[in-house]
2 protein chains.
Amino acid sequence: MTRVLVVDDEPQILRALRINLRARGYEVDVAADGESALRLAARDHPDVVVLDLGLPGIDGIEVIEGLRGWTSVPIIVLSVRDREADKVAALDAGADDYVTKPFGMDELLARMRAALRRVTPADEPVLIETPDFTIDLAARRVTRAGEEVRLTATEWHILEVLVRNAGRLVTQRQLLQAVWGPKYETETHYLRVYVGQLRRKLEPVPSEPRYFLTAARMGYRFEPEAP
Amino acid sequence: MTRVLVVDDEPQILRALRINLRARGYEVDVAADGESALRLAARDHPDVVVLDLGLPGIDGIEVIEGLRGWTSVPIIVLSVRDREADKVAALDAGADDYVTKPFGMDELLARMRAALRRVTPADEPVLIETPDFTIDLAARRVTRAGEEVRLTATEWHILEVLVRNAGRLVTQRQLLQAVWGPKYETETHYLRVYVGQLRRKLEPVPSEPRYFLTAARMGYRFEPEAP
DNA sequence: GCCTCCGCGTACAGATTGTGTAAGGAAGCC
DNA sequence: GGCTTCCTTACACAATCTGTACGCGGAGGC
């Protein structure tokens, strides 16, 4: 089922969108400000985000940047601002589309379909195999020596972000933002605890990590292949 | 180099687009009708297509369908028609974006960048190779003779600034400002220490730098190729 | 040609900060 | 109530950063 995260501070628009999208068979998350948007996105992993730019609190552009730190989910921006500079800023920050209010529901739906169509065929590898364990992203399952490894929700969340960025460094900020939300950007000790648990469950020698590598003062990196 | 196929039957728009896109470093193909568009696309495999809907001969929608038969190249539709039904039809036929004429060149360029970004995911391996070592900016990793070279956060930061300005001189002020912040503009000796460490870790003969060159009283320069 | 001065590179050590691990309390679920 | 999971704190250890000292060499003045 396709999940949409709708972010807008105007209740009637939020309501209209929710009703329309539900009627079309989408599962709908709603948020009225940037912080909840980032938190919900981190928790629910929507397939597409519809984002109003004129938010209270965190700026819409910052929400785009926050999301882009860890996910490539399509972002469709809604905005009353019709100035070219605004569009360029949003698109260059990482938005996929920019629709000016007032907009037609059919157009928005068509743009959503277009955005979703692009994502689906590019099905990322769902199975990640290493010499020591196998990760099935679709089934949310990790197998080690034939046995299933039980992971908690938080452990899985961290694993997922790292694995989806395999080979790349993920900064502590990105991880914290993705898993706990933007307010926790400084709580780096959470990461230490949970990365440590992942290592204990998955690394052949937890004290000498081979897959979940630390880059001091920067972040962590998942390295799927034995070096 | 990025190749753009522009399809429009109005000569002045075609001309304006060609000039603007060339000026931005794109390679530009042009076509004035649907048939040439399909032919050129097949021949040249553009990275993005900018397509006017109001074409003589084959309908614009048919061009989209024709392209979608064999390629997923991003298609940005231009059109004078602002009716929602037209947008929906084009998007559902396979277009990625729909821009109503008259449009701003900056907006179109931003939408092109957004479309291109999706195709070439931002995580394209940003690899800088020299005869002696390889830098992977995404992974934050340096490999030398097959072995990973461990760099500290500060070392990385300096390396990154230098590498992103490869071949150009980076002033001491720029470096200090980028790595330590504007308050440290005068602490040039920090640079000496850390550039020295980079040389020790990466230069074949640290005392005779070949990649990390000093420009006395000015700054440093990274030279990726052996002279 | 000699001397001085300034900037550069290196070495090193104390202070600071980051990291990994263990463990306990709170909250939720069966 | 027992179990699991999450959040939080504490602590030891290690790595990194910061700051000082010193030797070297080239540019320019004399």
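We name chains A, B, ... by the order of the sequence lines, and we start the count at 1 in each one.
To the nearest angstrom, P of dT16(D) lies 13 Å from CZ of Arg200(B). Separating the CZ atom of Arg173(B) from the C1' atom of dG7(C) is a distance of 19 Å, rounded to the nearest angstrom. Across the protein-nucleic acid pair, Trp156(A) atom CH2 and dC6(D) atom P stand 14 Å apart, rounded to whole Å. Atom CG of Leu198(A) and atom P of dC6(D) are 11 Å apart (whole Å). At whole-Å resolution of the value, CZ in Phe212(A) and P in dT21(C) are 14 Å apart. If you take CD of Glu208(B) and C1' of dC8(C), they are 16 Å apart, rounded to a whole angstrom. The distance from atom CG of Leu176(B) to atom C1' of dC17(D) is 15 Å, rounded to the nearest whole Å. Atoms NZ (Lys183(A)) and P (dC7(D)) sit 15 Å apart, rounded to a whole Å.
Side-chain atoms of Asp82(A) and Thr100(A) form a donor-acceptor pair, as typed in the model, at a separation below 3.5 Å.
Under a 3.5 Å cut-off, the side chain of Arg192(A) and the backbone N or O of Val195(A) do not form any donor-acceptor pair.
Sparse packing is recorded around CZ of Arg150(B), with 12 or fewer heavy atoms of other residues, nucleotides or ligands lying under 6.0 Å away.
Checked options Gln177(B), Gln174(B), Gln172(B); the residue passing with Glu185(B) is Gln177(B) (criterion: side-chain hydrogen bond (donor to acceptor under 3.5 Å, both in side chains)). Applying the side-chain contact (heavy atoms from CB on, under 4.5 Å) test between Leu5(A) and each of Leu40(A), Val28(A), Leu67(A), Val30(A) identifies Leu40(A) as the sole match.
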Show each protein N/O and nucleotides 17-19 of chain C N/O combination with a separation under 3.5 Å, one pair to a line.
unit_1: dT19(C); atom_1: OP1; unit_2: Gln172(A); atom_2: NE2; d: 3.3
unit_1: dT19(C); atom_1: OP1; unit_2: Arg217(A); atom_2: N; d: 2.8
unit_1: dT19(C); atom_1: OP2; unit_2: Gln172(A); atom_2: NE2; d: 3.2

Distances under 3.5 Å only, N/O to N/O: pair up the protein atoms with those of nucleotides 18-22 of chain D.
unit_1: dT18(D); atom_1: OP2; unit_2: Trp180(B); atom_2: NE1; d: 2.8
unit_1: dG19(D); atom_1: OP2; unit_2: Tyr190(B); atom_2: OH; d: 2.0

Quiz prompt | Check against side chain to side chain contact (heavy atoms under 4.5 Å, CB included), Arg111(A) and Tyr98(B) | solution = CA-CA 9 Å; Arg111(A) 288 188 185 269; Tyr98(B) 191 106; 3.7 Å; yes

Self-check item: Evaluation steps, ring-ring contact (aromatic ring centres under 6.0 Å, His included), between His45(B) and Trp70(B)
Solution: CA-CA 11 Å; His45(B) 289 260; Trp70(B) 59 274; 5.4 Å; yes

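Side-chain contact between Val4(A) and Val48(A) is present, with heavy atoms from C-beta onward closer than 4.5 Å.
Considering only side-chain N and O atoms, Thr152(A) lies under 4.0 angstrom from the phosphate OP1 or OP2 of dC6(D).
Ring geometry for Phe133(A) against Tyr211(A) counts as perpendicular: the plane angle is over 60°, on a 0 to 90° scale with 30° as the lower cut.
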